[in-house]
Amino acid sequence: QVQLVESGGGLVQAGGSLRLSCAASGSIFSINVMGWYRQAPGKQRELVARITRGGITNYADSVKGRFAISRDNAKNTVYLQMNTLKPEDTAVYYCAADLTTTPWSVMQDYWGQGTQVTVSS
């Protein structure tokens, strides 16, 4: 059993900052990529940022220069520092992890339950 639990969402004014955290727990052998996705009302879920175990990152163009993803491999935790927030960043933010549960299992994607981020103008 694997769980991903997000925290840190909330309501913030435009120009403000929030930091999201996501901790993976349970029967985990190894985590490869961890990432953050978001889904705004009426829109499809989109990638915000992701990071490999070795620290290679990539970002959606819309958040480059404003958001920073990082991870603590020892804690199986990924973070998303969000600065200069805009109303269009309002969405439910989901954490995802590509991981194995045993040395011989294939990689599978696991998702958190989501955390709401609301940016007021």
Determine whether L20 and T115 make a side-chain contact, defined as any pair of heavy atoms from C-beta on separated by less than 4.5 Å.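 Yes - at least one pair of side-chain heavy atoms lies under 4.5 Å apart.
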With a sphere of 6.0 Å drawn around CD of E88, does it hold more than 12 non-hydrogen atoms of other residues, nucleotides or ligands?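 Yes.
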The test is side-chain contact (heavy atoms from CB on, under 4.5 Å); show your working for F29 and T100 and say whether it passes. CA-CA 5 Å; F29 176 71; T100 56; 3.5 Å; yes
Transitive ILVMFWY side-chain link [X] to [Y], under 4.5 Å:
X: V78; Y: Y94; result: no
X: V5; Y: W111; result: no
X: Y37; Y: V2; result: no
X: V12; Y: Y93; result: yes

Distance (rounded to the nearest 0.5 Å) between [X] [atom1] and [Y] [atom2]:
X: L4; Y: Y110; atom1: CG; atom2: OH; result: 10.0 Å
X: L18; Y: L85; atom1: CG; atom2: CG; result: 5.5 Å
X: Q39; Y: E46; atom1: CD; atom2: CD; result: 9.5 Å
X: I31; Y: T52; atom1: CD1; atom2: OG1; result: 12.5 Å
X: L99; Y: N32; atom1: CG; atom2: CG; result: 9.5 Å
X: L11; Y: Q116; atom1: CG; atom2: CD; result: 9.5 Å

Step by step, would you call N73 with R53 a side-chain contact (heavy atoms from CB on, under 4.5 Å)? CA-CA 7 Å; N73 291 330; R53 185 172 183 83; 3.8 Å; yes
Testing the basics here: between A14 and S121, what is the closest heavy-atom pair and its distance to 0.1 Å?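 In this case the closest contact between A14 and S121 is CB-CA, 4.3 Å.
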Where R50 and V33 come nearest, the two heavy atoms and their spacing: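 Residues R50 and V33, closest heavy atoms: CB-CG1, 3.9 Å.
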Testing the 3.5 Å rule here: is there a donor-acceptor pair between the side chains of E6 and Q113?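 Judged by distance alone, the side chains do pair up.
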Distance alone, cut at 3.5 Å: any donor-acceptor contact between the side chains of N83 and S17?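 A pair is found: one side chain offers a donor N or O, the other an acceptor, under 3.5 Å apart.
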Starting from Y79 and following side-chain heavy-atom contacts under 4.5 Å between hydrophobic residues (I, L, V, M, F, W, Y), which residues can be reached?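 So far as hydrophobic clustering goes, Y79 is joined with none.
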V117/T90 under side-chain contact (heavy atoms from CB on, under 4.5 Å): CA gap, chis, key distance, verdict: CA-CA 5 Å; V117 171; T90 295; 5.9 Å; no
Quick check, are the ring centers of W36 and F67 under 6.0 angstrom apart?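 When the ring centroids of W36 and F67 are compared, they turn out to be at least 6.0 Å apart.
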Report all side-chain donor-acceptor pairs from residues 59-66 shorter than 3.5 Å, counting only partners two or more places apart or in another chain.
{"residue": "Y59", "atom": "OH", "partner": "I69", "partner atom": "N", "Å": "2.9"}
{"residue": "D61", "atom": "OD1", "partner": "K64", "partner atom": "NZ", "Å": "3.1"}
{"residue": "S62", "atom": "OG", "partner": "R38", "partner atom": "NH2", "Å": "3.3"}
{"residue": "R66", "atom": "NH1", "partner": "T84", "partner atom": "O", "Å": "2.9"}
{"residue": "R66", "atom": "NH1", "partner": "D89", "partner atom": "OD2", "Å": "2.8"}
{"residue": "R66", "atom": "NH2", "partner": "S62", "partner atom": "O", "Å": "2.9"}
{"residue": "R66", "atom": "NH2", "partner": "D89", "partner atom": "OD1", "Å": "3.0"}
{"residue": "R66", "atom": "NH2", "partner": "D89", "partner atom": "OD2", "Å": "3.4"}

Show your reasoning for whether side-chain contact (heavy atoms from CB on, under 4.5 Å) applies to Q108 and D98. CA-CA 5 Å; Q108 284 187 303; D98 188 29; 5.6 Å; no
